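The basis for the numbers below is simple: all heavy atoms, side chains too, and nothing from hydrogens, waters or symmetry mates. In what follows, chains carry the letters A, B, and so on, assigned in the order in which the sequence lines appear, proteins first and then strands, with residues in each chain numbered from 1. Keep in mind it's a predicted model, so treat the numbers as computed, not measured.
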Amino acid sequence: MTNEELKLTIAKLCSSAEFKDGAQFLEVIVPAADLHHLCRELRHNGETAFDYLFCLTGVDYPTYFEVVYHLDSTRHRHVVVLKARTASREYPVLDTIGDIWPTAYSHEREVYDLLGVRFNNHPDMRRLFLEDGWGFPLRKDYVDPVRIVER
Amino acid sequence: MAEYREIIFNSDKIQTDDYFVNIGPQHPSTHGALRIVAKLEGEIVQSIDPVIGYIHSGIEKMCESLSYPQLIHLTDRMDYLSAHMNNEAVCLCIENALQVEVPERVKYIRTIMDELTRIASHQLWWCATGMDMGAMTTFFYGLRDREPILDIFEETCGARMTFNYNVPGGLMFDIHPNFQKRVKDFIRYFRKKLPEYDTLLSGNVIFKERTKGLGVLSKEEAIAWGVTGPSGRASGYSCDVRKLHPYSAYPYVKFEEKLATDGDTFWRYQLRIEEMWESMKIIEQLIDNIPEGDFAVKMKGVIKLPEGEFYQRVESARGEFGVFIVSDGKKNPYRLKFRSPGFSNLFVLNELVKGVKIADLVAIMATLDLVIPDIDR
C-alpha cells in the first residue's frame with residue numbers, strides 16, 4: 001500500500017489519529033486510549049498486515065513521553081511509524097501491545113527500565129538492565145553526580 | 001509395598017518441587033556476561049528467564065552528549081563482531097539525513113569490508129558453536145582462518161576489532177595498496193578451507209543427530225518475535241536487509257538470500273556456513289572493480305542533522321541492525337536508539353527450549369549467535 005492508501009485505512013480504523021507526512025516513513029500519532037485497538041486492527045487486517053514490529057523505543061519530551069513503534073509488513077512491505085504519547089510525565093502509562101507482537105514485551109521492559117514508562121497488562125514489568133531503585137537514566141532530568149561528568 | 005508402587009507410578013501423587021539452575025553470568029557457553037535462570041524438572045527445561053544488564057554501559061545515554069563523529073566510536077563496542085556494519089549504519093543514517101551522496105569507491109569498499117566482517121563473525125561463531133557442543137578442534141580451525149581477515153583489517157585501518165573505519169561522508173583513510181591482493185589471496189585460501197568445516201562438523205553424524213529437529217522456530221513465530229538474520233532465515237522468513245532495502249554497493253552485486261524451512265538448530269547452523277559462501281561471491285564481484293575516486297566527501301567541521309527523525313537499517317552478522325536518531329537540530333542527537341538484532345533474538349529463547357534437555361539449551365543458544373554487548377548496550 002502507498003502512504004496515501006495507508007492513511008485512508010488508518011483514518012477509517014481510528015478517527016482521532018493525526019498524520020505527519022514528509023518524513024522518511026508515514027508517521028501516525030495515536031491517542032493513548034486507541035493504541036491497542038489500532039495495533040490489533042493493523043496486525044490482523046489483511047490489507048495492512050503489519051506483522052513485524054522492528055523497533056520500539058521511547059523518547060523523553062519536556063511535557064510527555066512518546067513511545068515510537070516501527071511496524072513493517074512482511075507481506076506488503078510497507079512501513080508505518082506509530083507514536084503514542086503519555087498523558088503526563090508524572091505517571092506515564094500506556095497499554096502493552098505484547099499480546100499482538102510478543103517481541104514487544106522485552107522492548108517495553110527496556111523502555112520501562114530506561115525511561116520509566118509503565119505498560120498496562122504487561123505480565124512481567126520488571127527492570128531489565130538496572131537494579132530496582134535506580135533512576136531512569138534516559139530521562140532528560142536524570143542526575144547522577146557520581147557517574148556523569150558535566151562539561 | 002503395593003501402595004508404594006502406586007505412588008511411584010502414579011505421577012500426580014508425587015510432589016516434586018521445580019528447581020532452578022543458574023547458568024552464568026560467568027559461563028563459557030553464554031559468550032559473555034549473560035545469566036540464564038532455567039526452571040528444570042529433572043533434566044528437562046520447563047522455561048528460562050534471561051537476566052541481562054551485567055555489561056550495560058548506557059551507550060544510548062552517552063550518545064546524547066557526543067557529537068555524531070564521536071558517537072560512531074561507541075557503536076563498534078556494541079556488537080564487536082559486526083563492528084563495521086554498526087559503524088556503517090550510523091554513517092548511512094547521517095548521510096541520508098544530510099542528503100550526502102558518497103563516492104562509488106566508498107560504497108564498494110564499505111561493502112567489501114562488510115562482507116569480510118560477516119565472514120570473520122561467522123567463523124568465530126562457528127568456533128564457539130563447536131566448543132559449546134564439546135568439539136574443541138573447531139576452535140583452532142576457525143581462528144586459524146579468521147586471522148588473515150583480521151590482518152587485512154589491521155593493514156587497512158589499524159585495528160583488528162573496533163575499526164571505526166567509517167566516518168560520515170566516507171572512510172577515514174583510503175585502502176592500503178595491498179588490500180585487493182590480500183583479499184583475493186584470502187578468498188582463494190578460504191574457498192579451500194571452508195569445505196573442511198563441513199567435513200569436520202556439518203557432516204558429522206553425532207552433530208547432525210544432536211541438532212536436527214531441536215529448538216524448532218516456525219516462520220510465524222520468527223516474525224512475531226522479530227528474529228532476524230540467519231536465525232530468522234532458517235525458519236523461511238525472508239528478512240535480508242541487503243535484499244529488501246539495499247544500501248551501499250549491494251544493488252550492484254548478485255547473490256542469493258539463503259533460506260531454509262525447518263527452522264531447527266541444524267539449519268540455523270547450516271545457513272551461516274552457506275552465508276560465508278555467498279559473502280565470498282559478493283567480495284569477488286566487487287574486489288576487481290573498485291572505482292577510482294575520493295575515499296570521502298568533504299563534510300562540514302561540525303555536523304548538525306536537520307530536525308526530525310531518521311531510521312537506517314543494515315544487515316549485521318546477527319540480523320537487522322537499526323539506528324533511530326531523533327534530532328533537534330543540534331550537533332548531538334536528542335535521542336538515539338540502537339535496534340540490536342541480538343536483543344530480539346535472545347528473548348525468543350524461552351519459546352525454543354521448552355521441553356529440551358539442559359545440554360541442548362546450550363546448543364540452541366549457540367546457534368542464535370548471541371553477542372552480549374549487543375544486547376546490553
Most contacts with chain B, counted as non-hydrogen pairs under 4.5 angstrom, among R77(A), R126(A), E27(A): R77(A)

Side chain R268(B), main chain G263(B), donor-acceptor under 3.5 Å: yes

Side-chain donor/acceptor of Y237(B) to backbone N/O of S231(B), under 3.5 Å: no

In terms of heavy-atom proximity below 4.5 Å to chain A, should [X] be classed as side chain, backbone, both, or neither?
{"X": "L244(B)", "answer": "side chain"}
{"X": "E60(B)", "answer": "both"}
{"X": "D49(B)", "answer": "side chain"}
{"X": "Y311(B)", "answer": "both"}

Distance under 6.0 Å and angle within 45° of ring axis: R377(B) vs F338(B): no

Cation-pi, F255(B) ring and K243(B) (6.0 angstrom, 45 degrees): yes

Which answer fits [X], side chain, backbone, both or neither, if we ask what part of it has an atom under 4.5 Å from a heavy atom of chain B?
{"X": "V81(A)", "result": "neither"}
{"X": "K83(A)", "result": "side chain"}
{"X": "F25(A)", "result": "side chain"}
{"X": "Y61(A)", "result": "both"}
{"X": "D113(A)", "result": "neither"}
{"X": "H107(A)", "result": "both"}
{"X": "T74(A)", "result": "side chain"}
{"X": "E131(A)", "result": "neither"}
{"X": "I100(A)", "result": "neither"}

Closest contact, heavy atoms only, I52(B) versus D376(B): CB-OD1, 3.3 Å

Shortest non-hydrogen contact from V79(A) toward L6(A): O-CD1, 4.1 Å

May I ask you to decide whether [X] forms a salt bridge with [Y], counting only side-chain N to carboxylate O separations under 4.0 Å?
{"X": "D240(B)", "Y": "K258(B)", "value": "no"}
{"X": "E47(A)", "Y": "K12(A)", "value": "no"}
{"X": "D124(A)", "Y": "R109(A)", "value": "yes"}
{"X": "R335(B)", "Y": "E66(A)", "value": "no"}

Heavy-atom pair count under 4.5 Å with chain A, highest-scoring of F347(B), Y334(B), F310(B): Y334(B)

Chain A contacts, top residue of E320(B), E351(B), E64(B), R313(B) (heavy-atom pairs, under 4.5 Å): R313(B)

